[in-house]
Protein chains: 2
Amino acid sequence: MDAATAEARLLDAAEALFNERGVQAVGMDAIRSASGVSLKRLYQLFPSKDDLLEAVLRRRDETVRSGIERATAAHESPRERVLAVFDHLEEWFGQDAFRGCSFINAYGELGGVSPGVADIARANKRSLQDHFATLLAAAGTPAGHTDRLAAQLAVLANGAMATAGITGSQDPARHARDAAKTLLDAADVRS
Amino acid sequence: MDAATAEARLLDAAEALFNERGVQAVGMDAIRSASGVSLKRLYQLFPSKDDLLEAVLRRRDETVRSGIERATAAHESPRERVLAVFDHLEEWFGQDAFRGCSFINAYGELGGVSPGVADIARANKRSLQDHFATLLAAAGTPAGHTDRLAAQLAVLANGAMATAGITGSQDPARHARDAAKTLLDAADVRS
DNA sequence: GCAGGGGGAGAACGATCGTTCTCCATCGAT
DNA sequence: ATCGATGGAGAACGATCGTTCTCCCCCTGC
């Protein structure tokens, strides 16, 4: 097995286990067993558990960003693109392994003691809000209003993730989408 | 020191430390040092760390419920009472020790391995949504709409907590409040 | 004054974890 | 065929943690 596939297998296994049980409850042996990669190789590629965790979060960050990008690109108007984000959330929440947003969870567990984890979580949440702002700017909304509306939409999306994680239901995505529609209507973002 | 004050000191110390560093990063020795209660007494009152954690979360649940109750009771109309919840959040987010919602954080860290923690978090979030529903029902909103609107407001509140925790800012509370106002307007909850 | 019991300080214990090390099998190059 | 390097399996190590135990002090009832 070459280094690239070993790394991918490690990130896959670690991501799944961290998602399922949290970070600190997962031992390096469990990651080794699940990935089929030896401890020696593991520590060659990721010198510490922190390094592995941050690599997992960085890859996950890239995954969710491109997933949202792809979901919004499939629609034409800014309004539909904003709503597509919430449709994307609903689909995500329906997956079997869904147990909340990795960044919200990792921040809750380690944000207080690991600045690296806190930074990655912050960056991911900022990128979500920036994405909303970009979509709204294309609708020709006045600049002052887009930032406020983007912040409100980000709060809705994060609330959907947190609520869906805890309750284990997809409903929060639909409620967030409905609320987003109301906010877009009120801001006169109709196309 | 009698049992009641020992218990209170333990819950205070554990709550502060869990909030600051997460649950698993806090050793029982740290709780003993911070509380000034001996390990023997600690284990007499709480036979395991899990018991202590659940007691902390249950007390915290009572605290946030009564805090929201008190904040809403200070206002007259259903609309103002709903908005008072978000003012209450903003004040909370401004506290120095604020590091996100205990239930969202605890669920992220332990919800996957501890059904007790997951249950308490679920109950807390359900009570928040129920509270919104009760406030809206008093406004005479049609029953079908109150549940949907209450769910949307709960998503907003949870999103404010998650976003404020990660970004360390009070702004999400104001954005959530603004969004809530828009939703109330759209649902014609004007008093 | 004294026996006894409850509580405090902290050592001790067993388990687990992150990390490193040992030993051995494999394999390509000469 | 032999050498050297590579990597795998898993033991070993040191630290930490949850939990229990030991020892001693102090207080109370007679």
Side-chain angles (χ1 to χ4, degrees), chain A residues 1-58 105-106 108-117, chain B residues 1-58 105-106 108-117:
Chain A
M1 187 189 334
D2 67 339
T5 73
E7 183 174 321
R9 283 220 224 172
L10 283 169
L11 292 173
D12 287 345
E15 180 176 333
L17 288 169
F18 290 163
N19 178 69
E20 186 185 339
R21 306 186 213 161
V23 175
Q24 314 205 60
V26 173
M28 297 298 264
D29 265 12
I31 294 169
R32 166 203 130 120
S33 305
S35 66
V37 175
S38 71
L39 276 175
K40 192 185 251 179
R41 283 260 254 179
L42 198 173
Y43 277 95
Q44 278 173 5
L45 293 166
F46 304 100
S48 75
K49 192 181 183 182
D50 281 344
D51 290 309
L52 175 60
L53 169 63
E54 293 190 12
V56 166
L57 290 178
R58 262 189 285 271
N105 291 350
E109 180 170 0
L110 298 163
V113 294
S114 164
V117 168
Chain B
M1 190 189 332
D2 67 337
T5 74
E7 183 174 321
R9 284 220 224 173
L10 283 169
L11 292 174
D12 287 345
E15 180 175 333
L17 288 169
F18 290 163
N19 179 68
E20 186 184 340
R21 306 186 213 160
V23 176
Q24 315 204 58
V26 173
M28 299 297 265
D29 264 11
I31 295 169
R32 166 203 127 121
S33 304
S35 66
V37 175
S38 73
L39 277 175
K40 191 184 252 178
R41 282 259 253 179
L42 199 173
Y43 277 94
Q44 278 173 5
L45 293 164
F46 304 101
S48 76
K49 192 181 182 181
D50 281 344
D51 290 309
L52 175 59
L53 170 63
E54 294 190 11
V56 165
L57 290 178
R58 261 190 285 270
N105 290 350
E109 181 171 358
L110 299 163
V113 294
S114 164
V117 168

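For clarity, every value in this text was computed on a predicted model and none was experimentally measured.
Within the 4.0 Å cut-off from OP1 or OP2 of C/dG8, not a single side-chain nitrogen or oxygen of B/Arg32 is found.
The CE-P distance, from B/Met28 to C/dG10, rounds to 18 Å in whole Å. Between B/Lys49 atom NZ and D/dT16 atom P there is a gap of 15 Å when expressed in whole angstrom units. Atom CE of A/Met1 is separated from atom C1' of C/dT26 by 15 Å (rounded to the nearest Å). We find that CD of A/Gln24 is positioned 12 Å from C1' of D/dT16, with the value rounded to whole Å. Separating the CG atom of B/Asp29 from the P atom of D/dA15 is a distance of 17 Å, rounded to the nearest angstrom. Spacing between atom CG of B/Leu17 and atom P of D/dC17 amounts to 12 Å, rounded to whole angstrom units. Summarising the geometry, the separation between CD1 on B/Ile31 and C1' on C/dA9 is reported as 18 Å, rounded to the nearest angstrom. Straight-line distance from the CG atom of B/Leu53 to the C1' atom of D/dC17: 16 Å, rounded to whole Å.
In this structure, the side chain of B/Glu109 engages the main chain of B/Val23 through a donor-acceptor pair within 3.5 Å. Side chain of A/Ser35 to main chain of A/Arg32: a donor-acceptor pair is present (N/O by atom type, distance under 3.5 Å, no hydrogens or angles).
Here the side chains of A/Val37 and A/Ile31 are not in contact, with every heavy-atom distance at 4.5 Å or above. The side-chain heavy atoms of B/Leu11 and B/Leu52, taken from C-beta on, include a pair separated by under 4.5 Å. Using a 4.5 Å heavy-atom threshold, the side chains of B/Glu54 and B/Phe46 count as separate.
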Restricting to nitrogen or oxygen on both sides, can you table the protein-nucleotides 25-27 of chain D pairs closer than 3.5 Å?
none

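How far CG of B/Leu53 is from CD of B/Glu15: 11.0 Å, rounded to the nearest 0.5 Å. From A/Glu7, atom CD reaches atom CG of A/Leu42 across 10.5 Å, with rounding to the nearest 0.5 Å. Considering CE of A/Met28 and CG of A/Leu17, their distance stands at 11.5 Å, rounded to 0.5 Å.
For the segment residues 33-47 of chain B, the set of residues with a heavy atom within less than 4.0 Å of an atom of DNA chain C comprises B/Ser38, B/Lys40, B/Arg41, B/Gln44, in numerical order.
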A/Val117 and A/Asp50: CA distance, side-chain angles, deciding distance, side chain to side chain contact (heavy atoms under 4.5 Å, CB included) verdict: CA-CA 9 Å; A/Val117 168; A/Asp50 281 344; over 6 Å; no
